[in-house]
Amino acid sequence: MIAFFITFFGAVVLLFIGLNKRESSFSIFASGILFLSAFLCVATKFGWCNFGILESWVPTNMMQFGSEQLLFMGLLSFLTGFIILCFRESDIIGNDQLALMMFSLCGAYMMVSYQHIVVLFLGIEVLSIPLYVLAGSNKENIYSNEAALKYFLMGAFSTGIFLLGSAFIYGGTGYLELELMGIKPSFMHALEGMPIPVLINAGIILMSVGLLFKVSAAPFHFWAPDVYQGSPNRTTVFMATVVKISAFIALYRLMSTFGGIKSNWSGWISVLAIITILWGNLAAMIQQNVKRTLAYSSIAHAGYVLIFILIADGTNAWILWFYGLAYGIASILVFTISHQLYNTNKDDTFEAFNGLAKSSPIVALALVIGVLSLAGIPISAGFVGKFYLFSFAWQSYPILVCTGLLGSALGVAYYFKFIKHAFLKVGEKSPVIKDRGILIFLVLIILMAGVFPWILLRTFF
Amino acid sequence: MEVIIIPFIACLCVAILGKRTNTWLSALFSSLPLFFVYQYFEHLDSSGRWIALFDHAWISDNIRFTLAFDGLTGLMLILTNILVPIIVLAGIRNDENQCKLTALTLFMQAALNGVFMAQDGLMFYIFWELALIPIYFITLTMSGKFAFKITLRFFLYTFVGSLAMLASLIYLFLHTADYSFDFESLRAVELNPTQSIGVGAGILLAFLVKIPILPFHSWQADTYTEAPASGSMLLGGIMLKMGLYGILRWYFPLAPESIAFFQPWMIGLSVAGVLYGAIIALRQKDMKRLVAFSSLSHVALIAAGLFTLSAEGIEGGLLQMFVHGVNIIGLFLVIEIIEKSTGTRVLGELGGLAKNNRIFMVFFMLVALGTIAVPFTNGFPGEFLLLKSLYGYNPNLALLAGLTIIFSAVYILRMVQFSMFGEGKKAISPLSWNEILAFAILAFGIVGIGFMPQIIIDMVHKSVLIIATWISEANGILT
Amino acid sequence: MLEWIIVLPLLGFLINGVFGSIIPKPIAGWLGTAFVFGSFVVTCFLFSDLLSALPAKGAVYLKVFTFLNVGNFHVDIAFQFDRLSAIMALIITGIGTLIHAYSISYMSDDDSLYKFFSFLNLFIFSMLVLVLGSNFVMMFFGWEGVGLCSYLLIGFWFKNVSFGKAARKAFVMNRIGDLGLLMGLFLIYQNFGSFEYTEVFAKFGRLEVGTGICTAIALLLFIGAMGKSAQIPLYTWLPDAMAGPTPVSALIHAATMVTAGIYLVVRCEAIYALAPFAREVILWIGLATSLMAALIGLKQNDIKKVLAYSTVSQLGFMFIALGCGAYTAALFHVITHAFFKALLFLGAGSVIHGMHHEQDIRQMGGLRKKMPITYATFLIGTLAITGFPMLSGFFSKDEIFTAILAQNTGVFVLGLLSASITVFYTFRMFFVTFHGNYRNQHHSYEKIAESPLLMTLPLLILAVLSLIGGAVNFPNYMGEGISKGLYHLLSFDGGGSFSPILILPEQSFEISHVKEWILFALTPLFLFIFLVARKKYVVKAAVPEADADQVGFGKTLANKFYVDEAYNRSFVEPIELVSDTLTEYVDEKAFKSSFDGIGRINQYVASLLSRFQNGNIEYYLVYMVIGLCLLLAFNLF
Amino acid sequence: MSSLSIFNQLEISHYIYLSTVLFCIGLFGVLFRRNAIIILMCIELMLNAVNLLFVAFSSYMGDADGQIFVFFIMVVAAAEAAVGLAILVLVYRNTRKTDVSFLDNLKG
């Protein structure tokens, strides 16, 4: 809860002190707040500090801050902090933007820690509404406008679907509290004339479609490439990482609530996972735009994580956490480099990477490691994440794992485009890459998590 | 542990120093692990077991970072750590990308040492993949417009194979009693024949692609041909040994029940590959391409030998692995020097190179003779044992595979003839000391093993015996 | 002491090979010669030791080290000096020494003399390994080693492309034979569990005559012998091998290496004794080779080519003998052939040397006066090879014909034909070269001079040997004490593990007196042919016509029965076609394209998928709703 | 009273059908109208359908949660509409159109 407060009030403060001023020091302030909140989450988890008073304000049937939630919140806060830090030089800079992002993060916190569908709904909306604005924050850019409108319309639409689903669930189970509605989904209040399982099943499908939209799982992913491409870079990476991870956490918690009737939904989730993995990887192969490619890549990753939704049993949330960390850091790394190159070349196709290895080899190396992590090649964190995921799923879902492996192989084809352009092509301009320290730090995180995952996981879980 | 850390540190140093790197020093550094390998041999006991030298909890308490050593590993380590310094030395003529290539080669050395020492399945896989990355970048420095396509094909091929292996390993891992990737735990998993065939197929695929065996070879020729010399050397000299080593070390013990199923297929494919590579090599004009196909042919023979499951086949195969590494690196070194001196490696454009550089000529001849397995060069004992083992399996197949001794004479001598003999205007530029040193080491390897192959056989004999016992316990087919 | 026989030539090879470039030329040559001579001396000592040992010894045995020990498979580097290998070693080192000495002068113009001598020494070493090895693998070592040296020496003048081609051809054809030999070795090991001669042959004793395994092994080994000893169908490399320097032709392609096949069969007498069918095959192949080569020899004009075909033909005779089971006769002919053929080649070399590397006999003529020593020695060689009475060739051929006659009259007639042709073409070559008028326009007759002493001395020594060489194995009618020396040597039973080399009793070749008379009647026949040749080439001074003028059967002969062309058509070209097809269609199209095709399919699917992504939000919403409806439909109904 | 009795005769399923139909009307409106404002209104219609359903369930089960949810939905819908209209204005300024089918610059 403390993280929530700090983030929220930090955003408010930022909004007021920085009225009409545009300075990158705000970014440092904001990221400082976020790192602080991340740290506090971890500290609370380990019991180094106790904010029981704050916690007591929130009814436990509304939100819950167990150690799992705290770690997820810490992860999200940590990632957001890095996003803000890395994109200090964004051309759309402003304290209002930062504040919006932090508000959005508050929504993500709610999605992580909800115990009641109302909170989930509010979380989704608090997350989304600032994002609509952020997506369109490049006001003069027609692409940004288009992205915002698309995102908004489809987001609102999916909210409607989500709400219909929650209404059905409400009708089917009689509860909106997560704990209660999942207990015995089959017996519930008798509703005359309505086959209850149908209502519950439909409710589950509709609600999860609302969330699947957010994680951009096929066939609800169509917004993603367009919106990712049109939005300002910082917003894109925020959407690709924090939003996606939080939506997955929400989905995971929702679905594990209905773990008792897993057979009702495991089938179609599997199908969606397969479609998503294949679609994301295949469609990414022919893209020329970096952001679009990464959008498809994020779709593919959504497909992998859908496998986790299937295997989640309440004790292995750390897989999601680790995968989120690996994926998030690698995405931020690649997006940051691509963003900085964009600032030099005003080109967001792969051509921007041309000659990177010559002009700044260290950045090229960082790029390689980021890309390898996304592709899931040892010794990067991405590999370990995939390894955990696949090895846990092998037993029950071999076909999914095979698809995942196939997808990884397909993924190589486009991830290596980065390397191709950075190492093989000759570039005209030599881009100025700032923040090498941060990039190297990110690389180190990836490598540490890739080489010593057990140390990391044993510390936290 | 040292054999992994030292090259890695050397790699970092080279990467940091960049153009200021002294190649002699890098070569010296990369040969340092040999000293430690020598020390490791003292840990061996008479049983020939695979003894863990380093062990630490890693990804989980049961997925450990375990480095182990036995004769088999020792042989591969010696091979790697002798050849890598030579590759580093040979790179001196490669002015532009030299420090980059050297750094990558050293990184590769660390990864390869890891592959050969890894006792934990996951670790093996990770090092396996890790070895792929530097070679990918090395091949990427090739010139030519198909560079990306070729490297991508290479990477995808091997990556798909590795993923299949990973899937199999995870499958085994999930069936272990203690959820461990440890070699012994994986081996202890009881599989029924169907499972075993599935698991075996996955593991085999990775190795078959890497070796490569016939239908999975189409990445090879282009990659060998287009890659820079050090890339070709690493690929042909050491990397494909990973596949053969893998078959022996990981496939045979982990899925012994499936060997009986795969044996005829593998031997059939290998023999087909022997002929296929040899026949194609007969008419190649590009020397590197020729060597690539000859390697396809030679290595397929090794694979066939391994799959005969006889002592001659396995130990002869191991011997030949070492030998092939020496020879192919020699051939690539020769071709590299020819190309650097004359600007071409197409046979029709060369000729008469023998006349001005005697040392080069002698070495080229020596390597060529080693490759065509003339007695008292290193190629002979291995090929003899392999053919003999194949004869024990099926005389007709041995006859077919034996055709390679005719074909290899034809294409290698053709290469020698068209490049070295006859009249020609081009000449080999004088050799530098590093090249002469590299030649000397390789020449020593060629002649020394030619006379004393038993040294290598003795090194691996006990380890092979243990593996053979496992196979026969599962099948009772070992002779 | 045995090791020195082997080590000395190896030392010579190493010294000349490593330091050759800094050693003065003549010294390099003398060094090489000295090492071989040293080896010869050691061999002589050892041989006399062996003969005079008390109690009588079968062999001296020397194990150097273990070469391979895998599972139950064991091969030693080990040597065995028995009577057979002693004879071979004596020929090799003895004639080798002469040819080395000859080469010092012959090759004195060449810049890389040291290289030549180091290769020659390496050859001697390999050949000694071949004959002295105590097991089949050692023999195989030498077998391949001499092939290699032959390759190196044929292609010695590497600047000439066609020489290189000839060298390659020789090596590859030998390798074809080697493959057969190798398979034979495997078969031996599979059945007898050892490669050691003594062990293997001891186990053969227990088998029945005509056993399938014996026949198979015998035939496979014979394939190896075919390659090395230039028998049909693997003989075509030998005439081409004349590209090498003449001493090489004398040493390798006449006296020693090509007789390795005969050595192999004699060595494996225990096997062939049990394989009558294989002997039959050998007989007929030897006969065919002998006839064919003799016929081709009729129309050859290159002095070395004539000698080469004559060698092939003589090797054919040796195999005929082997096929008849007359192992002594074959070995006897090996010895005498080594003498007179080396003599002829060296003589030819002397002529070529004098003619400034002119080899076409049509460009010679009348050299008799300018090169008297060469002429005289060449004449002795010619007489010896044609079987002039009381010369070495007479006795050895006589013995072969005796054996044939005892077995098969048909073969006898054909063999006789072959021998007659030999007489004709040898004298044809002799007369055209030394008699008649000088016909060369490029070099003036005056400038031709006799070769230096260093070259003529070996000629003289070999001439003497050719004259008296028959003494090695005189026929019975020459007297009890001195006859059948070789036979007694080889059929000596050392007892213990060492059985005699020859097991078959020689008595089977005792022939009736009528037949003996027939044999004697042959001498006038040969005399008649000699006169015909003399009339044509001396009296009428006929010059062989140019190749283009050949017609009919003569043309076929001049073109060597078109065998090379036939081989090209039936083996080389199809394989090249297969190779090209595999490269172009299978490797590129099938394998590579199929993998790339997967990529292309992916690209195609991706482009299909991207059609969904048309940028229009309405479509997106529709897709979403369709997806949703499908989900609902499948799960609710 | 008679009208109330009609209400009493309504079963919960009727509410479900009604709101589903309403929802679908909104949904099809979203799908088949091109004007962004109308789409926005249709989404509101969908939300109101859900509201109706929540209220119905709530009163049927005598549980207040559903009604509270409705208030939240209304509030959020208002906020969403505000942001949405702002975005629309933004788009309109740049393109002079409110027709969504013209916005297809981003694709592929």
Side-chain angles (χ1 to χ4, degrees), chain A residues 285 318 322 350 357-358 361-362 364-365 368-369 371-372 375-380 383-384 386-396 398-399 401-417 419-425 449-458 461, chain B residues 15-16 18 56-65 97 99-100 103 111 114 122-133 136-137 140-145 147-149 151-153 155-175 179 181 198 202:
Chain A
M285 288 210 292
W318 54 272
F322 191 89
F350 279 105
K358 278 264 155 49
I362 294 180
L365 196 66
V368 167
I369 290 172
V371 165
L372 291 185
I377 288 168
I379 45 172
S380 62
F383 164 73
V384 181
K386 277 210 180 89
F387 168 73
Y388 285 139
L389 198 58
F390 291 162
S391 59
F392 272 76
W394 217 155
Q395 204 78 303
S396 332
I399 298 173
V401 173
C402 288
T403 317
L405 292 174
L406 181 66
S408 307
L410 289 173
V412 169
Y414 61 88
Y415 285 125
F416 277 36
K417 264 193 195 170
I419 298 174
K420 170 190 176 184
H421 283 271
F423 284 83
L424 275 183
K425 302 277 172 112
V451 179
F452 306 112
W454 193 236
I455 296 176
L456 194 70
L457 287 171
R458 205 158 39 181
F461 285 91
Chain B
I16 291 166
H56 198 270
W58 182 36
I59 287 183
S60 79
D61 284 331
N62 286 330
I63 305 177
R64 306 179 72 82
F65 194 95
N97 293 320
C99 64
K100 200 163 80 187
L122 189 66
M123 211 177 115
F124 173 71
Y125 173 77
I126 285 180
F127 276 117
W128 176 275
E129 287 290 292
L130 211 54
L132 199 53
I133 293 165
Y136 174 79
F137 281 99
L140 209 55
T141 57
M142 68 172 79
S143 50
K145 57 181 173 174
F148 183 67
K149 199 176 168 188
T151 44
L152 186 64
R153 191 192 292 134
F155 195 91
L156 272 179
Y157 241 120
T158 40
F159 191 62
V160 170
S162 326
L163 285 179
M165 173 170 77
L166 180 63
S168 288
L169 286 177
I170 293 178
Y171 184 86
L172 281 174
F173 158 74
L174 293 170
H175 285 79
Y179 284 100
F181 266 105

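First the proteins, then the strands, lettered A, B, ... as listed; each starts at 1.
With a 4.5 angstrom heavy-atom cutoff, B/Leu122 touches chain A only via side-chain atoms. Neither the backbone nor the side chain of B/Phe65 comes within contact range of chain A, judged by heavy atoms closer than 4.5 Å. With a threshold of 4.5 angstrom between heavy atoms, A/Tyr388 approaches chain B through side-chain atoms but not through N, CA, C or O. Interface remark: A/Phe416 contributes backbone and side-chain atoms alike to the contact with chain B (heavy atom separation under 4.5 Å). For A/Leu372, the part lying near chain B is the side chain, with the backbone staying farther off; criterion is any non-hydrogen pair under 4.5 Å. B/Tyr171 touches chain A through backbone and side chain together, each having a heavy atom under 4.5 Å away. Proximity to chain A is absent for every atom of B/Phe127, based on heavy atoms less than 4.5 angstrom apart.
Judged by distance alone, the side chain of A/Trp394 and the main-chain N or O of B/Ser168 form no donor-acceptor pair under 3.5 Å.
Among all heavy-atom pairs drawn from A/Ala375 and B/Phe159, the shortest one is O-CZ, 4.5 Å. When all heavy atoms of B/Ile126 and A/Pro378 are compared, the closest pair comes out as CG2-CB, 3.6 Å.
A/Tyr414 OH to B/Leu152 CG: the interatomic distance, rounded to the nearest 0.5 Å, is 13.0 Å. Here the CG-CG distance, from A/Leu424 to B/Leu140, works out to 4.0 Å after rounding to the nearest 0.5 Å. We find the NE2-CZ distance between B/His56 and A/Phe452 to be 9.0 Å, quoted to the nearest 0.5 Å.
In terms of heavy-atom pairs under 4.5 angstrom with chain A, the leader among B/Ala167, B/Ala15, B/Ala164 is B/Ala167. Ranking A/Ile419, A/Val384, A/Leu406, A/Val401 against chain B, the residue ahead of the rest is A/Ile419, based on heavy-atom pairs under 4.5 Å. Chosen from B/Leu156, B/Thr151, B/Ile63, the residue pairing most often with chain A at heavy-atom distances under 4.5 Å is B/Leu156. Counting heavy-atom pairs under 4.5 Å between each of B/Val160, B/Leu132, B/Ile133 and chain A puts B/Ile133 at the top.
Proximity of A/Ile377 to B/Phe155: side-chain heavy atoms (C-beta onward) are separated by under 4.5 Å at one or more points.
Annotation for A/Ile362: atom CD1 does not count as buried by contact number, only 12 or fewer foreign heavy atoms lying within 6.0 Å.
Judged as a side-chain contact (heavy atoms from CB on, under 4.5 Å), and not counting sequence neighbours, the contacts of A/Ser380 are A/Ser373, A/Phe383, A/Ile446.
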Candidate pair B/Leu166 and A/Phe390, rule side chain to side chain contact (heavy atoms under 4.5 Å, CB included), full reasoning: CA-CA 10 Å; B/Leu166 180 63; A/Phe390 291 162; 5.6 Å; no

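Between A/Phe387 and B/Tyr125, a ring centre-to-centre spacing not shorter than 6.0 Å is recorded.
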